[in-house]
There are 2 protein chains.
Amino acid sequence: MLRNMSLRHAALGLLVEMDGASGYDLLKMFEITMGNVWQATQSQLYGELNKLTADGFIEVASEGPRGRKEYRATDAGRAELRRWLLDVPPKFVRRDEVLLRLFFLGQVSPDEGAAFVREQSAALEKRLADLGELEGAIDWGDENLSFYGRLAMEYGKRFMAMRRDWYEWVLEELAKRDPKDG
Amino acid sequence: MLRNMSLRHAALGLLVEMDGASGYDLLKMFEITMGNVWQATQSQLYGELNKLTADGFIEVASEGPRGRKEYRATDAGRAELRRWLLDVPPKFVRRDEVLLRLFFLGQVSPDEGAAFVREQSAALEKRLADLGELEGAIDWGDENLSFYGRLAMEYGKRFMAMRRDWYEWVLEELAKRDPKDG
DNA sequence: AGTTGACATGTCAGAAGTGGAAGGTCTACT
DNA sequence: AGTAGACCTTCCACTTCTGACATGTCAACT
C-alpha cells in the first residue's frame with residue numbers, strides 16, 4: 001500500500017532541519033515558514049508526532065518544563081526523509097475552489113460574474129502587496145530553511161501574479177462574450 | 001457550522017449545467033471537463049448524489065437500463081448553487097507537495113536536488129505540450145461548459161508555464177549557492 | 001453460445017483532516 | 001497574592017477522502 005502522508009514528512013523534515021523541537025515549536029514553524037505550502041492543525045500534528053515516535057523515525061530527546069517534549073529525528077527518520085524526497089513521486093492534488101466556481105459562473109448574471117472575478121483579482125493584488133512588504137521585512141540568512149523559504153516565497157509571488165493576470169484576461173473574455181453595447 | 005463541501009457543489013453545478021445525468025455520466029464529466037480543477041472518486045460521488053437527493057437539491061428524474069438513475073437539479077438545488085457561488089467565500093487550501101519537497105531539498109546533495117528540480121521542470125514541459133495538443137483537438141462551442149472549460153484550460157497552461165519558469169529560476173539559484181567551480 | 005468491455009451502482013474499512021474542548025505550567029507584570 | 005498571557009499537550013467527535021471489493025446489466029463481436 002503506497003500512501004503519501006505528506007504531513008508526516010513535513011513534520012519529519014522540519015524536525016531534521018531544526019535539529020530538535022517540541023510540537024509547539026513545530027506548529028509555529030509551520031505557520032512561519034510553510035504557511036503557503038502546507039498547513040497543519042494542532043491535533044493533527046501532535047497525533048503525527050506520536051505516530052512518528054512509535055515508528056521510530058523521531059524520539060523524545062528531552063523533556064522540559066510544562067510537559068514539553070523535545071523531539072529529535074533518528075537516523076531512521078533521516079533515511080525516511082531522504083527516501084521520500086527522492087523515491088516517492090510527488091502527487092498532484094489539483095483542487096482549486098476558485099476555479100471550481102468559475103466553471104459554474106454561467107449560472108449567475110454576467111454582472112455578478114464579472115464582479116466575482118474582479119473581487120478575486122483585487123484580493124490577489126492585495127495579497128501580493130502584503131507579501132512584498134513581508135519579504136522586505138525578513139532577514140534572509142543562508143541557512144537551509146531561509147534559502148528554501150525564499151524560493152517558496154518567490155513561488156508564491158509568481159503564483160499570485162499569474163492568477164491576477166489570468167483573472168484580468170478572464171474579464172476580457174467575459175466582456176467579449178457579453179458585450180454591454182453590441 | 002459553516003462547512004465548505006466543494007465536491008457537493010461541483011456535482012450540483014455539473015448537474016445544473018448538464019440538465020440531467022447519471023452518476024456515471026458525472027464521473028466522466030468530472031474527468032473530461034474539470035480534470036485539473038477538481039477530482040472525484042466514484043465512491044465519493046455516488047455517496048454525495050444520495051445525500052444531495054436526501055437534502056432535496058437534486059432528484060431522480062427517470063430510471064434507465066442497468067439501474068441507471070438520471071438525476072436532475074431541483075429549484076432548491078439551483079438556489080443552493082447560486083448561494084454558494086455568490087455568498088460563500090472561497091477557501092484557499094494551499095497544499096503543494098512539490099513545494100513541500102523543495103523545502104527540504106537541502107537534505108540531499110546539490111546534484112540530487114538539481115536533478116529533482118530538472119525532472120519536475122521537464123515533466124511540466126511535457127504536460128504543457130500535451131495540453132496544447134488536446135486544446136487543438138477540442139471543438140470549443142459556445143455552451144457554458146465549453147466556454148468556462150476553455151478559461152480553465154488557459155489557467156492550466158499559465159499555471160504550468162509559471163511553474164516551469166520558476167523551476168528554471170530555482171536551478172539558477174541553486175547553482176549560485178553551490179558553484180561547481182568556485 | 002460465449003466472451004469481452006462499456007455501463008452502472010453500492011458498500012466498507014481505514015486514513016486524513018477539522019475544530020474545539022479540556023487541562024495544566026511557567027513568567028512577568030500589577 | 002493575583003492574574004494575564006504565553007507555553008504545551010491530549011483527546012474527541014465528526015467530516016471528508018481514498019482505494020478497494022462486490023454486483024450486476026446490456027451491446028457488440030466471435
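All chains are named by letter (A, B, ...) in the order of the sequence lines, taking the proteins before the strands, and each is independently numbered beginning at 1.
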Checklist entry - In residues 18-27 of chain A, which residues come under 4.0 Å of DNA chain D by heavy atom? => result A/Ser22, A/Gly23, A/Tyr24, A/Asp25
Item to check | Euclidean distance, atom NE2 of residue B/His9 to atom P of D/dT16 [Å, nearest integer] | outcome: 11 Å
Next on the checklist: For C/dT9 and B/Gln42 - does any side-chain N or O of the residue sit under 4.0 Å from the phosphate oxygens OP1/OP2?
Outcome noted: no
Item to check | Chi angles and distances behind the side chain to side chain contact (heavy atoms under 4.5 Å, CB included) call for A/Arg72, A/Val60 | outcome: CA-CA 6 Å; A/Arg72 191 176 48 192; A/Val60 177; over 6 Å; no
Checklist entry - Between atom NZ in A/Lys51 and atom P in D/dT9, what is the gap in whole Å? => result 17 Å
Checklist entry - B/Gln44 side chain N/O closer than 4.0 Å to the phosphate oxygens (OP1, OP2) of D/dT18? => result yes
Next on the checklist: Does a side-chain N or O of B/Arg66 approach OP1 or OP2 of D/dT23 to a distance below 4.0 Å, or not?
Outcome noted: no
Next on the checklist: Please report the interatomic distance CG(B/Leu45) to CE(B/Met29), rounded to the nearest 0.5 Å.
Outcome noted: 13.0 Å
Checklist entry - Which whole-number value in Å describes the distance from B/Glu63 CD to D/dT25 P? => result 15 Å
Item to check | Gap between atom CE of B/Met160 and atom CG of B/Leu124 - 0.5 Å precision | outcome: 7.0 Å
Next on the checklist: Evaluate A/Phe159 against B/Phe159 for ring pair (Phe, Tyr, Trp, His ring centres under 6.0 Å), listing each step before the verdict.
Outcome noted: CA-CA 8 Å; A/Phe159 188 23; B/Phe159 188 23; 5.0 Å; yes
Checklist entry - For B/Gln39 and D/dT18, what is the distance between atoms CD and P respectively, to the nearest whole Å? => result 7 Å
Checklist entry - Just how far, in rounded Å, is P of D/dT10 from CG of A/Leu49? => result 9 Å
Next on the checklist: So, OP1 or OP2 of D/dA6: does either fall under 4.0 Å of a side-chain N or O from A/Lys28?
Outcome noted: no
Next on the checklist: Looking at B/Tyr24, I'd like to know if the NZ or CZ of B/Arg68 sits under 6.0 Å from its six-membered ring centre while staying within 45 degrees of the ring's axis.
Outcome noted: no
Checklist entry - Of A/Glu48 and A/Ser43, whose nearest nucleotide on DNA chain C comes first from the 5' end? => result A/Glu48
Next on the checklist: For B/Trp84 and A/Arg101: C-alpha separation, side-chain torsions, deciding distance, then whether side chain to side chain contact (heavy atoms under 4.5 Å, CB included) applies.
Outcome noted: CA-CA 9 Å; B/Trp84 173 74; A/Arg101 270 155 223 257; 3.2 Å; yes
Checklist entry - Roughly how many Å is it from CD in B/Glu97 to P in C/dA16, rounded to a whole number? => result 12 Å
Next on the checklist: With a 4.0 Å cutoff (strictly under), does any side-chain N or O of B/Lys69 reach OP1 or OP2 of C/dG10?
Outcome noted: yes
Checklist entry - Whole-Å distance between C/dA15 C1' and A/Asp55 CG? => result 14 Å
Checklist outcome for this item: Taken to the nearest whole Å, CG/A/Leu45 to P/C/dG17 is 12 Å
Next on the checklist: Please confirm whether the shortest side-chain N or O distance from A/Arg68 to OP1 or OP2 of D/dC8 is below 4.0 Å.
Outcome noted: yes
Checklist entry - Would one find a side-chain N or O of A/Tyr46 under 4.0 angstrom from OP1 or OP2 of D/dT10? => result no
Checklist entry - Is A/Arg158 positioned over the aromatic face of B/Trp169, cation under 6.0 angstrom from the ring centre and no more than 45 degrees off axis? => result yes
